[in-house]
Protein chains: 2
Amino acid sequence: MSARIDTDMDVKSRPLAAAEPAAPSLHGELLTGLRNFIVDGNLADGARVPERALCEKFGVSRTPLREALKVLASEGLIDLLPNRGARIRPLTPHDIRELFDVMGGLEALAGRLACERATEAEIAGVERLHYEMYGHYLKRDLKGYFRCNMAIHLGILAAARNVMLSSTYEGVSARMRRQRYAANLDQDRDRWSQAMREHEEILDALQRRAGAELGDILFRHLRNKQIAALDLSERVLAESDAVDDAEPETAAG
Amino acid sequence: MSARIDTDMDVKSRPLAAAEPAAPSLHGELLTGLRNFIVDGNLADGARVPERALCEKFGVSRTPLREALKVLASEGLIDLLPNRGARIRPLTPHDIRELFDVMGGLEALAGRLACERATEAEIAGVERLHYEMYGHYLKRDLKGYFRCNMAIHLGILAAARNVMLSSTYEGVSARMRRQRYAANLDQDRDRWSQAMREHEEILDALQRRAGAELGDILFRHLRNKQIAALDLSERVLAESDAVDDAEPETAAG
DNA sequence: GACATCTATTTTGAATTCAAACGCGAGGCG
DNA sequence: CGCCTCGCGTTTGAATTCAAAATAGATGTC
């Protein structure tokens with residue numbers, strides 16, 4: 001349980017230090033900047049989004065800023081309460097479960113498509129990263145391990161050659177990135193070696209171009225990550241999720 | 001060939017008939033209304049989105065309308081060209097392929113989750129719909145068939161109990177709905193009976209709660225739909241998609 | 001007669017403005 | 001003493017305004 005779990009703390013009280021004087025406001029510049037600002041955790045969970053302050057920070061008036069907020073709300077990063085402004089959307093354990101499952105579905109899809117479309121070079125690239133990651137695993141180098149891990153998943157995503165998948169993935173990824181449950185693999189050796197074994201299977205299936213199989217492995221891989229992450233987050237938050245399986249959801253309105 | 005393929009025709013010349021005087025503009029009302037307006041095909045592919053006219057139609061000023069346009073652009077329904085306004089985003093065959101694959105991934109995920117979480121009643125509901133659909137198939141009742149088909153897929157989605165999955169699905173679904181390649185099943189008996197057989201497998205796997213298997217079937221089901229749709233769309237458009245496999249996509253920026 | 005250039009009008013993007021809703025605090029009441 | 005109500009400043013949501021960019025039209029040239 002390292003630092004970096006602050007769910008409600010001082011983060012928000014930071015005076016929004018005036019960064020660069022804001023570039024000439026290229027079309028999507030503001031949106032991206034604002035999204036990064038939020039994803040990077042500069043605002044605490046549930047905190048009000050200070051419209052005024054952000055206008056100054058980004059050097060724009062409220063009109064374009066509110067446009068960006070609307071987009072971020074549609075992406076699920078913030079909540080927009082009528083007449084009560086925007087707040088950072090806090091993720092409940094239930095939300096996290098959902099996000100991991102969706103992520104698992106997207107990873108599975110990426111794996112399947114990658115098996116159909118990856119070039120030999122791309123597969124070789126993943127293989128190289130895999131062994132590099134294995135090295136980090138042996139040395140218990142968590143940082144290097146994570147870097148390779150992410151590169152592998154991004155490599156598979158890229159090999160899937162599907163722009164819409166990539167952008168959907170990026171959206172989900174952004175929401176998860178806000179959390180940073182830097183899975184405590186170094187504490188939990190079993191999980192780490194299990195993850196490593198799963199990665200062996202991933203590489204194997206990719207090399208055999210066994211799409212359905214790879215998809216299945218990737219989904220389960222994410223499931224296991226989810227379990228580890230929730231285990232951690234629940235241990236930390238000790239926040240019951242009673243409402244969880246309550247609402248059957250009528251889906252697509 | 002039936003009607004309803006108009007890709008470029010008179011649709012746009014419609015004078016934007018002033019509909020209802022626009023409700024009291026509940027928070028997301030405008031956005032939803034505008035999205036439906038576009039999804040329903042009231043504007044032709046590539047057509048300019050007439051800001052001014054829509055303001056009148058919905059009874060709002062340009063500010064909230066532009067906010068809505070930004071959101072729709074982020075959803076991929078329209079393109080927003082700097083200083084040149086919004087246009088309806090036309091889907092190339094390449095886009096359609098991507099959409100179908102993503103849809104397949106989402107359906108697969110829904111199926112997998114449904115196997116974990118569906119109640120017996122929900123499975124029974126899908127079973128009922130399945131046999132009703134089979135009846136329509138025997139009678140060659142395309143309309144009834146489609147209705148049941150959609151209900152089955154929505155039923156599985158609902159049983160997956162994942163709000164984020166549902167909303168992602170809805171987003172993709174909306175983009176596809178604009179196309180309406182009312183798959184010419186009545187022309188293509190082979191495809192129709194193949195689809196019916198696939199649905200037998202879907203029901204079977206769901207009843208056995210065989211998640212991975214159901215996911216696989218659903219993905220392939222969508223793949224086959226994709227092939228049929230593209231076959232149709234390409235036959236109609238005769239539009240080459242040369243750029244297709246060109247751009248490897250660096251994914252997640 | 002076709003093409004290029006310059007001007008007027010329209011459209012876009014963003015700031016400003018304005019009314020309504022909210023939230024906080026003081027004062028009044030039970 | 002605690003709770004409720006009223007009023008004031010602040011914040012929000014949306015219309016209006018304004019400058020810059022683009023489009024269309026007119027004019028001149030080759």
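Proteins get letters first, then strands, A, B, ... in listed order; numbering begins at 1 in each. Atoms considered below: every heavy atom in the structure, side chains included; atoms not considered: hydrogens, waters and symmetry mates. Owing to the predicted nature of the structure, the values given are computational and were not obtained by experimental measurement.
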Would you mind reading off the distance between Glu67(A) atom CD and dG13(D) atom P, rounded to a whole angstrom? 14 Å
May I have the distance from Arg52(B) (atom CZ) to dT9(C) (atom P), rounded to whole angstrom? 16 Å
Atom-pair distance (CZ on Arg87(B); P on dT11(C)), nearest Å: 13 Å
side-chain contact (heavy atoms from CB on, under 4.5 Å) partners of Arg62(B), counting only residues at least two apart: Glu51(B), Arg52(B), Cys55(B), Arg66(B)
Rounded to whole Å, the CG-C1' distance (Leu65(A) to dA14(D)) equals 16 Å
Using a distance-only test with no angle check, is there a side-chain donor-acceptor pair under 3.5 angstrom linking Glu107(A) and His153(A)? yes
Pairing residues for Ala160(B) by the side-chain contact (heavy atoms from CB on, under 4.5 Å) criterion, not counting sequence neighbours: Ala110(B), Leu113(B), Leu165(B)
With DNA chain D as reference, determine whether Thr63(A) or Ala86(A) sits nearer its 5' end, using the nearest nucleotide of each. Ala86(A)
Using atom CZ of Arg62(A) as one end and atom P of dT10(D) as the other, report the distance to the nearest whole Å. 14 Å
Are there any protein N/O atoms within less than 3.5 Å of an N/O atom in nucleotides 20-24 of chain C, and if so, which ones and at what distance?
unit_1: dA21(C); atom_1: O3'; unit_2: Asn83(A); atom_2: ND2; d: 3.3

Taking only side-chain nitrogens and oxygens of Arg66(A), does any of them come within less than 4.0 Å of OP1 or OP2 of dG13(D)? yes
Can you tell me how far P of dT16(C) sits from CD of Glu51(A), to the nearest Å? 15 Å
Report the residue from Val60(A), Leu69(A), Val49(A), Val71(A) that forms a side chain to side chain contact (heavy atoms under 4.5 Å, CB included) with Leu34(A). Leu69(A)
Without decimals, in angstroms, what is the distance between Leu30(B) CG and dA15(D) C1'? 14 Å
Of all heavy-atom pairs linking Leu65(B) and Leu54(B), the shortest is CD1-CB, 3.9 Å
Can you check the Phe58(A) CZ to dG13(C) P distance for me, whole Å? 20 Å
Testing Ile38(B), Val39(B), Asp40(B) one by one against Asn42(B) for a side chain to side chain contact (heavy atoms under 4.5 Å, CB included), which residue passes? Asp40(B)
